[in-house]
There are 2 protein chains.
Amino acid sequence: MTDRCEVRCVHPQAVAAAQQTMPSEDVVAGSAEMFRLLGDPGRLRLLLALRGGELCVCDLAAVTGASESSVSHSLRLLRANRAVRSRREGRNMYYALHDGHIEQLLDMMTAHMGEPRDHFSD
Amino acid sequence: MTDRCEVRCVHPQAVAAAQQTMPSEDVVAGSAEMFRLLGDPGRLRLLLALRGGELCVCDLAAVTGASESSVSHSLRLLRANRAVRSRREGRNMYYALHDGHIEQLLDMMTAHMGEPRDHFSD
DNA sequence: CTGATATATGAACATCTATTCAGATATTCA
DNA sequence: TGAATATCTGAATAGATGTTCATATATCAG
């Protein structure tokens, strides 16, 4: 990564300042990946359903309207990225939100989306 | 939407409770769309760069390393979904985070990603 | 063990998406 | 006006992604 940039129209100090506050590559990649997981309506519904407490796979399928196979695939992704954790009880697997951060993100976003929009901003 | 579900293994009261706390379809779709926008590393970098204040397109291209065309496409999406707002000054377009909610989401996620991970959770 | 149930998994496929490239638009300056 | 600069836009394309279907695994009841 060089300090020189190819373009000619830059405000150098603003660019330098922005580069310094940019999180590490790992944090950026991890954050993007987590946001991406939350960015699918099916997966998001799964997580929203889990805000009230743990549910098993077929419960989640019933709540969200997706197939159990699709739900299972989604949960695997979510678990691999620590968005949910799982617990087996007999034949059932119970899934829950992994931690409070996830729930905070969900609540913040849904609250934001529920607010009336301001026309005069662009 | 019927109250009856096709599967036989459900815990009916847990499912009913989860369905009641599920946000409206609009809120779910809007939230997913916003999360999806944040879920691309290129777009996420743009937003992170804007935490320190407004920048023009070629500044953003320089900070993130993406082409100006790609940046412009990304900004259009972000603006259409109210993640950023724009302001023209002469030949330059200055972009800024649309509101504090966006910044909160970014900060919460990057802070979460920066934390050390707990091995004993699954 | 055998059958039934709940979940997980792999492959295939159709769909979506981000980038690039070429060219259009808008603004400034001479 | 015409040249130069900054940004935008549409089309095309290569790659990623979510779902389905079929099948595998795991647990329990008898």
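We name chains A, B, ... by the order of the sequence lines, and we start the count at 1 in each one.
S72(A) contributes no side-chain N or O that forms a donor-acceptor pair with the base of dT9(C) under 3.5 Å. The base of dC21(D) sits with one of its N or O atoms less than 3.5 Å from a complementary donor or acceptor on the side chain of S69(A).
Following rounding to the nearest Å, E54(B) (CD) and dA6(D) (C1') show an atom-to-atom distance of 16 Å. Atom pair E68(B):CD and dA22(C):P shows a separation of 16 Å (rounding to whole Å applied). Per the geometry, OH belonging to Y95(A) stands 8 Å off P belonging to dT7(C), to the nearest Å. Rounded to whole angstrom, the span from the NE2 atom of H11(A) across to the P atom of dT5(D) amounts to 15 Å. Rounded to whole angstrom, the span from the CG atom of N92(B) across to the C1' atom of dT5(D) amounts to 9 Å. One interatomic measurement links the two molecules: CG of L77(B) to P of dC16(C), which rounds to 15 Å at whole-angstrom precision. Taking atom CG on N81(B) and atom P on dT17(C), their separation rounds to 11 Å, with Å as the unit. Rounded to whole Å, atom P of dG15(D) lies 16 Å from atom CG of D40(B).
In terms of position along DNA chain D, the nucleotide closest to V57(B) lies nearer the 5' end than the nucleotide closest to the other residue of the pair S67(A) and V57(B). Between G90(A) and G42(A), it is G42(A) whose nearest contact on DNA chain D lies nearer the 5' terminus.
Listed pair S70(B) / dA18(C) fails the phosphate criterion, with no side-chain N or O lying under 4.0 Å from OP1 or OP2. Between R88(B) and dA26(C) there is no side-chain polar atom (N or O) within less than 4.0 angstrom of OP1 or OP2. Listed pair R79(A) / dA8(C) fails the phosphate criterion, with no side-chain N or O lying under 4.0 Å from OP1 or OP2. Considering only side-chain N and O atoms, R43(B) lies under 4.0 angstrom from the phosphate OP1 or OP2 of dA18(C). Contact between the side-chain N/O atoms of R36(B) and the OP1/OP2 oxygens of dA18(C) is found at a separation under 4.0 Å. For dT7(C), neither phosphate oxygen OP1 nor OP2 lies less than 4.0 angstrom from any side-chain nitrogen or oxygen of R76(A).
Between R43(A) and R36(A), the shortest heavy-atom contact is NH2-O, 3.3 Å. The nearest pair of heavy atoms linking L55(B) to A14(A) is CD2-CB, 3.6 Å.
A salt bridge links D107(B) with R51(B); the closest basic N to acidic carboxylate O contact falls under 4.0 Å. A salt bridge between E54(B) and R85(B) is absent, with no side-chain N of the basic residue lying under 4.0 Å from a carboxylate O of the acidic one. The pair E25(A)-R45(B) meets the salt-bridge criterion, since a charged nitrogen lies less than 4.0 angstrom from a carboxylate oxygen.
The aromatic ring of H73(A) stacks onto the base of dT9(C), its centre lying under 5.5 Å from the centre of the six-membered base ring with the two planes under 30° apart.
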